[in-house]
Amino acid sequence: MKHIITAIFIGCAVISPLTIAAGTQKLMSPDGKTVVKVNDSPDVTYSIVRNGRTVLDESPLSMTVGSDTWGVDEKRPKVSRRSVDSVVDFLVRRKYGSTVDRYNALTLRYRDHDIEFRAYDSGVAYRFVSTTDNQSPVSGETVAYRFLDDDPATITLLTDELQNWYEHDYTFSKLSELPVDSFSVTPVMVDRAGVKMLIADANLYDYPGMYLKPVCQGFEAIFANYPDKEVQADGDNKIYAATRHPYLIPKAGMRAFPWRVTGLFDKAIDIIADELVYLLSDAPDDSADFSWVKPGNILWDWWNDRNIYGVDFRSGINTDTYMYLVDYAAANGIGNVLLDEGWSARNDLLTLAPDVDIPAICRHAGERGVGIILWTKWPNVLRQMEPAFTQFEKWGVSGVKVDFMDRNDARMVRFFEDVAKCAASHKLMVDFHGSYPNEGMRRRYPNLMTREGVIGLEYNKWSDRATPRHDVTIPYLRMWVGPMDYTPGAMLNAHPETFHANQHEPMSQGTRSHQIAQFIVYESPLQMISDSPSKYDENPESFSFIKTIPTVWNETVPLEGEIGEYVAVARRSGDTWYIGVLGGEVPRELTLDTSFLGNGHYTMTSHADGINADSQAKDHIVTVNNIDGGTALHVTLARGGGYAAIIRPAR
């Protein structure tokens, strides 16, 4: 299959300091730590200094629209500046109920386009804006990141296919050691001059998503061109582009293009607090009503292979099983049940499987206060979106899981928005699987609750790729751009020497407490509870923790951590605090600061690694203690370990 990629490579020969441009503008972050130098003509470039040290050397940017190349051979622009300091309330919370949107902006105004820069305390972003209704195609964009006379450490998610699952292993490598025939899914991390830099895009609409290719002393973006001929793939589960047009989008129009984002963090743990991608993205229309959106947890049938026992019915894809799951969810305060693949005909969302009565299941779920979420594959949704979503609303379905997209070209990005918009009109929440990572669309469409784009727990059904080291890498990279559907909750837990992949009765790597802590550390307003009711009934202590943990938060306080090693975070819901700690491959002793509690007396229930958790991963201990705010909290992690605590005001 031929893939057409658009990128305007600057090449190795010109990776050198550029001549100082005729006009130089400086932009500073509100806290004064970051300075952006922008050369506005004749060729537009920018560089970034953080804490007095250069973290990004002078890098070019341009966009080719018809026969014009914006950002190259420009005349001196008009320059405007503004500062913003406001509060943004989250319609669907992730880390916080609200956050501060504070930045300084610089806009370069040319004849038919603008280039806008913003400097936040936690990063820098720029974008092109077409200020006329330009009917010419966008045939290319130069997005470059230069690191001269240096070989910084990087963390990348490498692939060599434009159409892929966005589920790859992280590569920890020096920039010079990255394979030149590969490119990375974003976000990409670069560690330079004591600063953790995260590179991604934001506010992506009607435009392809960005990959980053290592090119000599830096990265340059590549994009999938606009699809021409499309063909079925993976049987009929997917639709791939077989040929592509020689442009990214057929016309520029009058619009803002995606932001090119560089997050800047002096400490790795600071990443956990950040919402930069969200803040750079468009808000919903003032008239939009999303008050019906209801975050919560989900009992899931697929990961555990509907492995239910000790019941009086044949477990499987049938009404009896789904009724049982609804009752189990209701009895345990679980808000939703996900019916995964098999409930409908393979290629028709309006024809039910012979043994599945969706109207009856939805009626029963409604009576029990449980939402029903239905799995779909994207070719069916593409073909049947409006009639299917209309029917789902009539049945009383609360959400859809859409799977197998595996693309981020402009046509697919448009499909994502079409799903979000149509689902919102029918009061359906959305979970995207087989999806590229988040890019901020959830701000305009708060019914976009979560998405995959990550190696999650499902991989332990057929591989050993969801490792503890992976688990303590993704909070710093993948989770930075938005919620992720990792799907935690395994009750069979093992270390590498006893782990084995199993489709029917799967297990996790790392300890039991490692699984429990994921419900606190990992952010997903719809959070899967992935193991079977039978397993949870056999492990009531652990299950009582899982079903008690909220999925959205009023406040988030990062405690400490290092990428690929461990992460510790505190979160508040109402007046209750939760602490989650995930460990990597080595044992670790931590002393956590609890000053976030303020002055007061609390009762703490903790789920910790047991004394034998280093050999028997299921070993854990649940204890109840009194604790005062500010008390040093000592945590012992086994290899692949974890720790979870629920802290309530003493009564």
Side-chain angles (χ1 to χ4, degrees), residues 297 299-300 303-304 307 332 334 456-461 464-472 474-475 486-502 505-522 524 527-549 565-569 578-590 592 604-625 633-647:
N297 42 27
L299 196 62
W300 188 23
W303 187 81
N304 57 76
N307 187 12
N332 288 283
I334 298 171
L457 195 64
E458 68 175 11
Y459 270 78
N460 284 338
K461 287 170 70 76
D464 61 357
R465 293 172 63 188
T467 64
R469 188 185 194 209
H470 170 79
D471 294 346
V472 293
I474 55 179
Y486 179 93
T487 70
M491 293 293 99
L492 292 179
N493 319 107
H495 291 302
E497 63 272 18
T498 55
F499 172 83
H500 64 275
N502 188 318
E505 199 166 13
M507 61 179 64
S508 69
Q509 298 182 66
T511 68
R512 171 69 59 76
S513 294
H514 188 89
Q515 283 293 298
I516 307 306
Q518 287 177 351
F519 285 90
I520 300 171
V521 174
Y522 293 166
S524 183
Q527 185 72 274
M528 299 292 169
I529 296 177
S530 298
D531 220 329
S532 77
S534 302
K535 287 288 189 291
Y536 290 131
D537 284 345
E538 293 170 353
N539 295 277
E541 279 189 329
S542 297
F543 186 48
S544 69
F545 256 80
I546 290 172
K547 65 186 183 182
T548 302
I549 297 170
E565 297 182 16
Y566 73 106
V567 58
V569 61
Y578 300 77
I579 295 176
V581 185
L582 293 176
E585 296 174 342
V586 299
R588 190 174 299 272
E589 298 279 344
L590 300 174
L592 301 180
M604 181 176 72
T605 306
S606 61
H607 191 296
D609 292 333
I611 194 170
N612 295 308
D614 59 335
S615 58
Q616 171 49 265
K618 292 190 290 290
D619 189 33
H620 65 278
I621 182 170
V622 173
T623 57
V624 179
N625 300 102
L633 179 61
H634 301 287
V635 174
T636 299
L637 299 177
R639 55 177 175 143
Y643 176 87
I646 302 173
I647 306 173

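Hydrogens, waters and symmetry mates play no part in the numbers below; they use all other heavy atoms, side chains included.
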Quick one, Thr511 with His495, criterion side chain to side chain contact (heavy atoms under 4.5 Å, CB included). Give me CA distance, side-chain angles, the key distance, then yes/no. CA-CA 8 Å; Thr511 68; His495 291 302; 4.0 Å; yes
I'd like to know whether Asn493 forms a side chain to side chain contact (heavy atoms under 4.5 Å, CB included) with His620, so could you lay out the CA-CA distance, the side-chain angles of the two residues, the decisive distance to 0.1 Å, and finally the verdict. CA-CA 11 Å; Asn493 319 107; His620 65 278; over 6 Å; no
Check the pair Ser542, His607 against side-chain hydrogen bond (donor to acceptor under 3.5 Å, both in side chains), reporting the backbone distance first and the verdict last. CA-CA 8 Å; Ser542 297; His607 191 296; 2.9 Å; yes
Kindly determine whether Leu457 and Tyr486 satisfy side chain to side chain contact (heavy atoms under 4.5 Å, CB included), including the steps that lead there. CA-CA 6 Å; Leu457 195 64; Tyr486 179 93; 4.0 Å; yes
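Of all heavy-atom pairs between Met491 and Arg512, the closest is O-NH2, 2.7 Å. Across all their heavy atoms, Pro475 and Val521 have their closest contact at CG-CG1, 4.1 Å. Pairing each heavy atom of Ala644 with each of Ile516, the nearest pair is CB-CG2, 3.9 Å. Scanning both residues, Asp609 and Gly641, for their nearest heavy atoms gives OD2-CA, 3.2 Å. In this structure, Ala608 and Tyr643 approach most closely via the heavy-atom pair CB-CD1, 3.8 Å. Residues Ile549 and Tyr578 share a closest heavy-atom pair of CA-CE2, 4.2 Å.
Residues passing the side chain to side chain donor-acceptor pair (under 3.5 Å) test with Gln527, sequence neighbours excluded: none. With sequence neighbours excluded, the residues forming a ring-ring contact (aromatic ring centres under 6.0 Å, His included) with Trp300 are Trp302, listed by chain and number. Listed by chain and residue number, nothing satisfies the ring-ring contact (aromatic ring centres under 6.0 Å, His included) test with Phe519 (two or more places apart in sequence, or in another chain). Judged as a side-chain contact (heavy atoms from CB on, under 4.5 Å), and not counting sequence neighbours, the contacts of Asn297 are Ile334, Ile529, Thr551. In this structure, the side-chain contact (heavy atoms from CB on, under 4.5 Å) partners of Pro468, at least two apart in sequence or on a different chain, are Gln509, His514. For His634, the side chain to side chain donor-acceptor pair (under 3.5 Å) partners are Thr591, not counting sequence neighbours. Glu505 meets the salt bridge (Lys or Arg N to Asp or Glu O under 4.0 Å) test with Lys535; sequence neighbours excluded. Every residue meeting the side-chain contact (heavy atoms from CB on, under 4.5 Å) condition with Leu590, not counting sequence neighbours, appears here in chain and number order: Glu560, Tyr566, Val581, Arg588, Leu592, Val635, Leu637. Applying the ring-ring contact (aromatic ring centres under 6.0 Å, His included) test to Tyr536 and every residue at least two apart in sequence or in another chain returns Phe543. Evaluation of the salt bridge (Lys or Arg N to Asp or Glu O under 4.0 Å) rule for Glu589 yields no partner, not counting sequence neighbours. Every side-chain contact (heavy atoms from CB on, under 4.5 Å) that Thr605 has, sequence neighbours left out, goes to Phe545, Val622, Val624.
With hydrogens and angles ignored, the 3.5 Å screen pairs no side-chain donor or acceptor of Ser532 with any backbone N or O of Asn304. In terms of modelled atom types and a separation under 3.5 Å, the side chain of Glu585 and the main chain of Arg469 share no donor-acceptor contact. Ser530 places a side-chain N or O within 3.5 Å of a backbone atom of Thr487 that can act as its donor or acceptor partner. For His500 (side chain) and Met507 (main-chain N/O), no donor-acceptor pair under 3.5 Å exists by modelled atom type.
Note on residues 488-501: pairs passing salt bridge (Lys or Arg N to Asp or Glu O under 4.0 Å), not counting sequence neighbours, are Glu497-Arg639.
To the nearest 0.5 Å, atoms CG (Leu492) and CG (Asn460) are separated by 11.5 Å. Separation of atoms NZ (Lys461) and CG (Asn502) is listed at 8.0 Å; rounding is to 0.5 Å. A distance of 10.5 Å separates CZ in Arg465 from CD in Glu458, rounded to the nearest 0.5 Å. From Glu538, atom CD reaches atom CG of Asp531 across 9.5 Å, with rounding to the nearest 0.5 Å. A distance of 11.0 Å separates OG of Ser534 from CG of Asn539, quoted to the nearest 0.5 Å.
More than 12 heavy atoms of other residues, nucleotides or ligands lie within 6.0 Å of CD in Gln616, so this atom counts as buried by the packing criterion.
Contact annotation: the side chain of Ile546 never approaches that of Pro488 to less than 4.5 Å [non-hydrogen atoms, C-beta and beyond].
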